[in-house]
Amino acid sequence: MLKKDFDPRIVFYTTIGYIIAIGFANKYYQIIIILPFIFYQMKLFSVDLNKLKKIFKYSIGLLLSMIFVNLLLMNKNIEYVFLSTFRLLTIIFLVTSMVSKMEIREIGFVIEKMLSPLKIFKVPVDSIGVITALAFKFIPMLEEESKRIIIAQKARGIDYKLMNLKEKISNILTLFFPVVICGIQNAVNLAISMEVRGYGNGIKRTRLKDYKLEKNDYFYLFFSFMISILYVVFCLSV
């Protein structure tokens with residue numbers, strides 16, 4: 001049995017491989033063929049099913065609007081709409097499973113390694129990796145801040161269940177400015193903390209954890225890439 005703790009590079013590369021492969025699906029049966037491998041990857045990465053359900057709930061509006069636009073405004077056929085909706089939903093699930101599996105520092109590490117050839121041109125790859133990782137870090141931070149503001153509003157007597165649609169939209173928009181201001185304050189505090197710790201002084205930095213590819217990493221990378229390549233060839237040949 002393959003190990004659960006894969007190298008973050010394997011998690012990233014295999015996810016990208018499946019996302020690219022899905023883009024070549026143009027028939028119903030081709031979707032059925034790739035689904036077991038996608039589900040296997042999610043299970044292998046120990047994805048939280050409750051988180052996937054939550055993501056699916058939040059994606060329903062986007063999916064319905066996509067179906068509405070394609071069917072009524074662009075006059076696309078049912079098969080095209082189904083394939084487009086499936087691609088979008090599958091990409092959302094794959095990216096969610098990837099981000100759930102990887103920690104913030106691992107995301108920065110993967111971005112840095114992926115862009116490492118640019119070091120020849122003296123591109124600050126390590127800084128780009130850190131900035132990308134911090135961008136992912138601020139997403140749950142802003143979500144938590146939004147929840148705190150909503151709880152504070154409820155404590156002051158604001159009940160969204162009793163409002164009509166216009167009032168709900170108006171009150172939700174009021175969350176925007178305090179959340180943005182809080183995000184800016186957190187970013188400033190984080191920048192000061194990094195400066196105090198000597199980040200950006202040009203000295204080569206060490207890592208808290210060293211990542212090393214093992215036999216199972218190579219095996220699953222080869223397996224997933226072969227599946228993706230064979231799937232693309234199959235889609236193009238029919």
Side-chain angles (χ1 to χ4, degrees), residues 2-25 34 37-38 40-42 44-47 87-88 90-142 183 186-187 190-237:
L2 293 177
K3 66 175 186 176
K4 296 288 179 112
D5 296 328
F6 286 95
D7 187 283
R9 289 167 288 185
I10 302 302
V11 178
F12 181 82
Y13 294 144
T14 54
T15 301
I16 295 300
Y18 280 124
I19 289 176
I20 294 174
I22 291 168
F24 288 87
I34 194 67
F37 300 102
I38 293 175
Y40 176 71
Q41 168 139 329
M42 292 181 180
L44 200 62
F45 291 167
S46 302
V47 180
R87 290 193 192 102
L88 178 61
T90 307
I91 289 172
I92 291 174
F93 278 2
L94 283 172
V95 173
T96 301
S97 64
M98 179 185 70
V99 175
S100 300
K101 180 64 177 177
M102 299 168 64
E103 298 179 2
I104 299 299
R105 67 172 184 272
E106 294 176 338
I107 294 174
F109 168 74
V110 170
I111 297 298
E112 182 180 341
K113 288 298 181 182
M114 185 177 64
L115 300 178
S116 57
L118 297 178
K119 289 182 178 180
I120 301 174
F121 305 102
K122 296 184 179 181
V123 176
V125 174
D126 54 343
S127 298
I128 295 175
V130 171
I131 292 171
T132 306
L134 292 178
F136 279 99
K137 181 180 180 180
F138 271 93
I139 294 175
M141 188 182 297
L142 295 177
N186 290 332
L190 181 59
I192 294 173
S193 300
M194 294 178 69
E195 186 177 358
V196 170
R197 288 167 175 79
Y199 188 86
N201 56 10
I203 300 175
K204 185 177 180 180
R205 307 185 67 83
T206 58
R207 296 187 181 277
L208 178 64
K209 181 180 178 180
D210 291 328
Y211 299 99
K212 184 179 179 181
L213 293 172
E214 299 180 5
K215 186 185 296 182
N216 284 336
D217 292 316
Y218 287 112
F219 175 78
Y220 187 66
L221 180 64
F222 175 77
F223 169 78
S224 61
F225 272 21
M226 286 300 299
I227 293 297
S228 300
I229 293 171
L230 291 175
Y231 181 76
V232 171
V233 172
F234 171 75
C235 293
L236 293 176
S237 61

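Owing to the predicted nature of the structure, the values given are computational and were not obtained by experimental measurement.
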Could you work out, with side chain to side chain contact (heavy atoms under 4.5 Å, CB included) as the rule, every residue matching Phe225, not counting sequence neighbours? Tyr13, Leu221
Which pairs, with at least one residue in residues 219-231 and sequence neighbours excluded, count as a salt bridge (Lys or Arg N to Asp or Glu O under 4.0 Å)? none
In terms of relative ring orientation, are Tyr220 and Phe6 parallel, tilted or perpendicular, with 30° and 60° separating the classes? tilted
Would you call the rings of Phe234 and Tyr231 parallel, tilted or perpendicular, where under 30° means parallel and over 60° means perpendicular? tilted
At what distance, to the nearest 0.5 angstrom, does OG of Ser224 lie from CG of Leu44? 10.0 Å
Value rounded to 0.5 Å, distance of CG in Leu88 from CZ in Phe93: 10.5 Å
Can you check whether Glu106 reaches Phe12 side chain to side chain, under 4.5 Å on heavy atoms? no
Set of side chain to side chain contact (heavy atoms under 4.5 Å, CB included) partners for Leu118, sequence neighbours left out: Leu115, Phe121, Val123, Val125
In Å and rounded to the nearest 0.5 Å, what is the CD1 to OG1 distance from Ile38 to Thr14? 11.5 Å
State the CZ-CZ distance between Arg87 and Phe24, to the nearest 0.5 angstrom. 10.0 Å
Determine, step by step, whether Lys215 and Phe219 satisfy the side chain to side chain contact (heavy atoms under 4.5 Å, CB included) criterion, reporting the C-alpha distance in whole Å, the side-chain angles of both residues, the deciding distance to 0.1 Å, and the verdict. CA-CA 6 Å; Lys215 186 185 296 182; Phe219 175 78; 5.6 Å; no
So, using side chain to side chain contact (heavy atoms under 4.5 Å, CB included) as the criterion, who are the partners of Ser228 when residues are at least two apart? Tyr18, Ala21
Would a 4.5 Å heavy-atom cut-off, applied to side chains only, mark Val95 and Ile19 as touching? yes
Could you state the interatomic distance from CD1 (Ile227) to OH (Tyr40), rounded to the nearest 0.5 Å? 11.0 Å
Enumerate the salt bridge (Lys or Arg N to Asp or Glu O under 4.0 Å) contacts for residues 8-24, please, sequence neighbours excluded, ordered by first and then second residue. Asp7-Arg9
Atom pair CD1 (Ile34) and SG (Cys235), whose distance is rounded to the nearest 0.5 Å: 7.5 Å
Under the rule for side-chain hydrogen bond (donor to acceptor under 3.5 Å, both in side chains), what residues qualify as partners of Thr15, not counting sequence neighbours? Gln41
